[in-house]
Amino acid sequence: MTLIRPPAMHETTTDAAAPAALGWSERVHDLLERMTLEEKLAQLVGFWVDEGGAVVAPMQDRMGEADGELERFAADGLGHVTRAFGTRPVEPAGRAQWLRAFQRHLVEETRLGIPAIAHEECLTGLAAWQAATFPAPLAWGAAWDPELVERMGAAIGESMRGLGVHQGLAPVLDVIRDPRWGRVEECIAEDPYVVGTIGAAYVRGLQSEGVIATLKHFVGYSASRAGRNLAPVSAGPREIADVLLVPFEMAVLDGGAKSVMHSYAEIDGVPAASDRGLLTELLRERWSFDGTVVADYFGVAFLESLHQVARDLGDAAGQALEAGVDVELPTGNAYLAPLAERVRSGEVPEALVDRAVLRVLTQKEELGLFDERFEGPGPESVDLDPAAHRDLAARLAEESVVLLSNEGVLPLHRPRRVAVVGPNADRAQALFGCYSFANHVLGHHPEVPMGIAAPTVREALEAAARSADGALAGAEVAFAGGCGIDDDDRSGFDAAVAAARDADIAIAVVGDQAGLFGRGTVGEGCDRDDLGLPGVQRPFVEALLETGTPVVLVLLTGRPYVVDWALERCAAVVQSFFPGEEGGPAIARVLTGEVTPSGRLPVTMPRSAGAQPYSYLHPTLGAGTEVSNVPTTPVLPFGYGLSYTSFERRLVEVPTSVPTDGVIEAAVRVTNTGGGAGGDVVQLYARDEVASVTRPVAQLVAFQRVHLEPGESATVRFRVPTTRLAFSGRDLARIVEPGSVELFTGASCVDRASTARLELVGDVHRVGVGDERMSHAEVARG
């Protein structure tokens, strides 16, 4: 796929002239015919309720607030209500009543009576006070469980729709390219197929409850230079097509996503917000996407202020509208007065406005808003954190814990004295990602309680010690914080070291604090140029190691850090990527053996910041050899994770040949060869041995989570479309070539425990949107 420059205005085509042929209903078309220009433009913008609160969007403080009161702003109608619940702490039921009353105002007091779409962030659960907070997306990737993520998405959608929210700004489908980038914790994995499979599952779950999912950030955002937020992207068209676009294609064509948000990126000098080749020719004309494209916050205005491809806001509006951006969020900086002036002058065809309005109105019709009268006061009370949601959060947290090393100390063996130390041992905020309400908003309101129960690791271990049985029953638990997250204060070292010296085992909980724009160690605008643990956390852990007490290192982070030193010296290392409100108890259950760890790394554990950017999807030339004195081999590979039991994996069925436009039907036999029950993630990889362009040394083509009792076996039958091996050829067309392919399965992307070869036969197959993209698996036990 080649990204095409934005065409000049005279090259514009529009589908607004033929509404019936494109599925616009008579009702929608009739509304459009009756609209004034001001009423049309009102449907293409949002109003940010409480915008004057905390800064939660890039350069929010420089963009200016919405013009006046909401009712005056919405005199001609309104497209979106922006973050009524997620900008400051508000009591949910009362806010839902307010939103319902405002919608009734739109119905009864505006000329056309069209309600607004209310949207909210929902990456780790609805970003609202008192709402359930689930694990961060990197934990979804570590769990490798699309079905569970789909159930989580449905739970989030249920809460949102109950409050009158219609659109969620999630999931993030950016493929991790550089762990120095702050928004890694919002991403699912470094493998595009894992991102697409799990992301599409989230979309299906959310939209099953009548809430529109919004794919972010289309496209290239995560491939920024040097891992910097809002930085230029130099990816070539092959990387864009074969890596960065794959999850979006899956979420649109297989997940049915109804909205896409353009990214802030500029790819090879062309901002995504003004790229017609991306937003119209690819998204709509090739993929047949029929939803709405919404702007990332202030993204249209950034065409003038940051990208400097527009002379003024009117020019920015014209470029974005022509490219295919239907709705400007969060306000109407460009799409109101500046765009109206350009339309009246004839510089922007009104047909472009009509096209976007038709899309917005169609979405409102599909949501049932045209027939909603919003009568009655609304809910008197709501429960946004019910037991069923907490159960989902707990299971996902458990499945996402990755055991990186273990010298036999885990599970814990009834120690008498346990030291629980470290800056993340007793902080609930350490369990949550940047887009959780706790870290996104509540950090600006320290006087407001969290609103949900979120037991810390310390609290969970102390509860286990108070229990009548279990690995910690009756143990004495001592606590000391030791140090901060990202400072150089070592004054707490002595107390923590003393606690460790007096203990049978020390559990050191270290890692990140998620935040925004420099207010954390990871999160939006919290990039790093060093992948060592922030602050003095490494010296802190090393001081604990000097006591001679076995140290179990628990990493609560939003990115992978360089921890080779810890893997060599600690008795065990456990990785958890912001596991959510039930994360503390989930980690405690893993440590005590109540739960056997089954998470697998969704991202490579790096050797150094200097080795970045790095991905397991590298060609042979990207592997470490003697031609360079700088090692590139990672500390731990993609797909890696230990267990308290053991598994044997063997390819038992592989075809000798498959047509290039066919399906590879392969079977893996997996057996629990250890003494305890546990979960395995069966991973099937492929390598295209000779191709017209260089191919990765390993490429995941399918996976399946399986739980097995001791001695139990299961056969996982994979159905893998050959399009999983597709790539952009020398002419940049997506193809599947004939030739030899190595299949292998093992414990990670580098473990070739069992291998086989097959031949792809026939002509070169040119891949189209009608081709199957997703692999499927069936599990037969016994």
Side-chain angles (χ1 to χ4, degrees), residues 4-17 19 31-48 59 62-68 72-80 82 112 261-262 264 266 269-281 284 292-361:
I4 302 171
R5 65 176 176 82
M9 284 295 179
H10 67 271
E11 297 178 297
T12 298
T13 59
T14 177
D15 49 33
L31 278 171
L32 178 71
E33 291 294 306
R34 292 192 285 130
M35 282 181 168
T36 65
L37 178 60
E38 283 71 23
E39 288 171 331
K40 292 176 182 178
L41 297 179
Q43 293 298 314
L44 306 184
V45 301
F47 184 95
W48 196 342
M59 303 187 182
R62 305 184 199 175
M63 300 308 297
E65 297 185 23
D67 183 17
R72 182 160 63 86
F73 185 93
D76 294 311
L78 185 63
H80 279 239
T82 296
L112 296 174
M261 175 181 282
H262 77 73
Y264 290 132
E266 55 183 61
V270 179
S274 62
D275 192 339
R276 187 178 187 276
L278 181 68
L279 301 180
T280 295
E281 294 175 13
R284 294 194 181 276
T292 56
V293 175
V294 300
D296 202 346
Y297 281 16
F298 307 116
V300 175
F302 286 168
L303 292 174
E304 175 201 18
S305 60
L306 287 185
H307 302 292
Q308 298 174 356
V309 296
R311 299 186 302 277
D312 51 35
L313 288 174
D315 186 17
Q319 289 190 36
L321 193 64
E322 181 181 27
V325 179
D326 301 309
V327 181
E328 182 186 15
L329 297 180
T331 59
N333 300 71
Y335 272 21
L336 289 178
L339 181 55
E341 180 182 345
R342 292 300 175 106
V343 171
R344 288 199 166 94
S345 71
E347 294 178 74
V348 174
E350 190 166 353
L352 288 177
V353 175
D354 292 349
R355 179 180 68 181
V357 172
L358 285 167
R359 293 168 179 164
V360 172
L361 293 179

Quiz prompt | Test item: Thr280 and Glu322 side chains (from C-beta on) under 4.5 Å apart, heavy atoms | solution = no
Quiz item: Just how far is it from atom OG1 of Thr36 to atom CG of Leu41, taken to the nearest 0.5 Å?
Solution: 8.5 Å
Exercise. Could you grab the distance from atom CG of Leu329 to atom CE of Met261, nearest 0.5 Å is fine?
Key: 6.0 Å
Self-check item: Minimum-distance pair of heavy atoms, taken over all atoms of Met35 and Val357
Solution: SD-CG1, 3.9 Å
Quiz item: How about Val325 and Tyr335: do any of their side-chain heavy atoms sit closer than 4.5 Å?
Solution: yes
Practice problem: Determine whether Leu313 and Glu341 make a side-chain contact, defined as any pair of heavy atoms from C-beta on separated by less than 4.5 Å. | Solution: no
Quiz item: Can you name the nearest heavy-atom pair linking Ser274 to Ala323, along with the distance?
Solution: C-CB, 3.5 Å
Quiz item: When the ring planes of Phe47 and Phe73 are compared, do they come out parallel, tilted or perpendicular, using 30° and 60° as the limits?
Solution: perpendicular
Quiz item: With a 4.5 Å heavy-atom cut-off, do Arg284 and Arg359 have their side chains touching?
Solution: yes
Quiz item: Which atom names give the shortest non-hydrogen contact between Gly77 and Ala42, and what distance separates them?
Solution: O-CB, 3.4 Å
Quiz prompt | Nearest heavy-atom neighbours spanning Ala272 and Leu278 | solution = CB-CD2, 4.0 Å
Practice problem: Measure across Val300 and Ala295 and return the closest heavy-atom pair with its distance rounded to 0.1 Å. | Solution: CG2-CB, 3.9 Å
Quiz prompt | Test item: Asp296 side-chain N/O and Gly299 main-chain N/O as donor-acceptor pair under 3.5 Å | solution = no
Quiz prompt | Heavy-atom donor-acceptor pair, Gln319 side chain to Leu303 backbone, under 3.5 Å | solution = no
Self-check item: Inter-residue atom distance Asp312.CG - Arg342.CZ, 0.5 Å rounding
Solution: 4.5 Å
Quiz item: Got a donor-acceptor contact below 3.5 angstrom from the Thr82 side chain to the Gly46 backbone?
Solution: no
Quiz item: Is any side-chain heavy atom of Thr331 less than 4.5 Å from a side-chain heavy atom of Val45?
Solution: no
Quiz item: Mind checking whether Leu32 and Lys40 have side chains closer than 4.5 Å, heavy atoms only?
Solution: yes
Practice problem: Please check if the side chain of Arg355 supplies one atom and the backbone of Leu321 the other of a donor-acceptor pair under 3.5 Å. | Solution: yes
Quiz item: Got a second to check how far Glu304's CD is from Leu306's CG, nearest 0.5 Å?
Solution: 10.0 Å
Practice problem: Might you point out which heavy atoms bring Val348 and Gly318 nearest each other, and give the distance in Å? | Solution: CG2-CA, 3.8 Å
Quiz prompt | Spatial distance of atom CG (Leu358) from atom OG1 (Thr292) [nearest 0.5 Å] | solution = 13.0 Å
Quiz item: Distance from Asp354 atom CG to Leu37 atom CG, nearest 0.5 Å?
Solution: 9.0 Å
Quiz item: So, do Tyr297 and Tyr264 sit near enough that their side-chain heavy atoms are less than 4.5 Å apart?
Solution: yes
